[in-house]
Amino acid sequence: MTGPAKTPRRAPLNRDRVLRAAVALADEIGIDALSMRSLAERLGVVPMALYKHVANKEELLDGMVEVIVGEIAPPARGADWKDAIRQRILSARQALLSHRWASQVVESRRHATPVVLDYMDSLIGMFRAGGFSVDLTHHAMHALGSRMWGFTQELFPTPPPPADPEARAAMFDQLAARYPHIIEMATAGSRDGGSAPGGGCDDQFEFEFALDVLLDGFERLHRQGWDSTARRHPTGATA
């Protein structure tokens, strides 16, 4: 006689498994639907089991950001500072595009974890290795802002135009009477053989365009020996 079938042993729960399961679940159901309960159900454990590895939902979200940062490719070897930073940031963008909810969570964090600080430190190190002063590096990091994480925030997202061609044309005619320059720019793609009016921008192109403008500007300032002190206290200004 054969004995009773053995139940396969479940992989032991640990922090890394919890965080990676949370990232995968958020990819499926969205970050707003993610909860400690839904995560526990996915892992086949009771919710209290999760609290041995993450203290609360905020710590869970911090850890999920760490997982995303871990997907960013390491700094390229042998590249100059500009190429190295560009590749690092574009890798960060690719990581965030793989997890559409990630930018929302990154923006919501109040404290930087060691993994996040490691990434920021590596970017600063690339500027410094390129000969940048601490002063210029400081301002360059501020200028990059959220772009160092691979995303930018649009203050006023453009709503999609009507699907019906006649209704769309009527809407653009009406808006053009009041906002001629906005509509001129919005419809330029169709006249130049690009996208249809109101079809939206190429987000990747726009991201890389802005990144390159910034990097080129940083390079120019570096060559000029730029120093913020002169800008803060111009000749003749009183303290």
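Only heavy atoms go into these numbers, but all of them, side chains included; no hydrogens, no water, no symmetry mates. All values derive from a computational prediction rather than experimental measurement.
- Both tests hold for Arg93 against Phe207: distance to the six-membered ring centre under 6.0 Å, angle to the ring axis within 45°.
- The minimum heavy-atom distance linking Ile29 with Ser38 is given by the pair CD1-OG, 4.4 Å.
- The closest side-chain heavy-atom distance from Leu175 to Ile182 is not below 4.5 Å.
- Identified under the ring pair (Phe, Tyr, Trp, His ring centres under 6.0 Å) test for residues 88-107, with sequence neighbours left out: His99-Trp101.
- A distance of 9.5 Å separates CG of Asp227 from CG of Leu136, quoted to the nearest 0.5 Å.
- Atom CD of Glu166 has 12 or fewer heavy atoms from other residues, nucleotides or ligands within 6.0 Å.
- The residues Arg37 and Glu41 are annotated as not salt-bridged, no charged nitrogen and carboxylate oxygen being separated by less than 4.0 angstrom.
- A donor and an acceptor atom, one from each side chain of Asp135 and Ser133, are nowhere located under 3.5 Å apart.
- Judged by distance alone, the side chains of Thr137 and Arg128 never bring a donor and an acceptor atom under 3.5 Å apart.
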Checking Gln94 against Ser98 for the side-chain contact (heavy atoms from CB on, under 4.5 Å) test, could you report, in this order, the C-alpha distance in whole Å, the side-chain angles of both residues, the deciding distance, and whether it holds? CA-CA 6 Å; Gln94 187 58 48; Ser98 299; 4.0 Å; yes
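- A single hydrophobic cluster is seen to contain both Met48 and Leu19, as judged by linkage of ILVMFWY side chains at heavy-atom distances under 4.5 Å, directly or through other members.
- The backbone N or O of Phe151 lies less than 3.5 Å from a partner atom in the side chain of Ser146, making a donor-acceptor pair.
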Verdict with reasoning, Trp149 to Val69, per side-chain contact (heavy atoms from CB on, under 4.5 Å): CA-CA 9 Å; Trp149 300 105; Val69 173; 3.8 Å; yes
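- Summarising the local packing, CD of Glu206 is surrounded by more than 12 heavy atoms from other residues, nucleotides or ligands at distances under 6.0 Å.
- In terms of heavy-atom proximity, Tyr51 sits nearest to Pro47 at CD1-O, 3.3 Å.
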Set out, in order, the CA-CA distance, both residues' side-chain angles and the distance that settles side-chain contact (heavy atoms from CB on, under 4.5 Å) for Met36 and Val54, then state yes or no. CA-CA 10 Å; Met36 299 296 276; Val54 287; 3.7 Å; yes
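- Closest of all the heavy-atom pairs between Ala79 and Ala84 is CB-N, 4.0 Å.
- At a threshold of 4.5 Å between side-chain heavy atoms, the hydrophobic network of Ile, Leu, Val, Met, Phe, Trp and Tyr places Ile72 and Leu90 in one connected group.
- Salt-bridge check for Glu58 with Arg110: failed, with every basic side-chain N at 4.0 Å or more from each acidic carboxylate O.
- Comment: Asp164 does not engage Arg168 in a salt bridge, judged by the lack of any side-chain N to carboxylate O separation of less than 4.0 angstrom.
- In terms of heavy atoms, Pro161 sits closest to Phe172 at CB-CE1, 4.3 Å.
- Note that CD1 of Ile183 is 11.5 Å distant from NE2 of His181, once rounded to the nearest 0.5 Å.
- Across all non-hydrogen atoms, the minimal contact from Ala167 to Pro162 is CB-CB, 3.9 Å.
- Taking OG1 of Thr152 as the reference point, atom CG of Asp203 lies at 7.5 Å (rounded to 0.5 Å).
- By the 4.5 Å heavy-atom criterion applied to side chains, Val134 and Ile124 are not counted as neighbours.
- Put simply, the side chain of Leu60 reaches to within 4.5 Å of the side chain of Leu39, judged on heavy atoms.
- Taking the side chain as every heavy atom from C-beta outward, Arg20 and Met64 never approach each other to under 4.5 Å.
- Side-chain N or O atoms of Lys57 include one that pairs as donor or acceptor with a backbone N or O of Leu34 at under 3.5 Å.
- Between Ile85 atom CD1 and Leu211 atom CG the span is 9.0 Å, to the nearest 0.5 Å.
- Rounding to the nearest 0.5 angstrom, the gap separating the CZ atom in Arg109 from the CG atom in Asp62 is 5.0 Å.
- Taking 4.0 Å as the cut-off between side-chain N and carboxylate O, Asp27 and Arg100 do not count as a salt-bridged pair.
- The aromatic rings of Phe205 and Phe209 lie parallel to each other, their planes meeting at an angle below 30°, with 60° marking the opposite boundary.
- Rounded to the nearest 0.5 Å, atoms CG (Asn56) and CG (Leu50) are 12.0 Å apart.
- Nearest heavy atoms, Arg88 versus Pro74: NH1-CA, 3.7 Å.
- Here ring pair (Phe, Tyr, Trp, His ring centres under 6.0 Å) pairs that include residues 60-98, with residues two or more places apart or in two chains, are Trp81-Phe127, Trp81-Phe132.
- In this structure, Ser108 contributes its side chain and Val105 its backbone to a donor-acceptor pair below 3.5 Å.
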For residues 111-121, which side-chain N or O atoms pair as donor and acceptor with protein atoms under 3.5 Å away, sequence neighbours left out?
from	atom 1	to	atom 2	distance (Å)
Thr113	OG1	Glu66	OE2	3.1
Tyr119	OH	Met148	O	2.5

Go through it in stages, so that I can follow the logic: the residues are Lys52 and Leu13, the test is side-chain contact (heavy atoms from CB on, under 4.5 Å), and I'd like the CA-CA distance, side-chain angles, deciding distance and then a yes or no. CA-CA 9 Å; Lys52 296 179 181 179; Leu13 205 60; over 6 Å; no
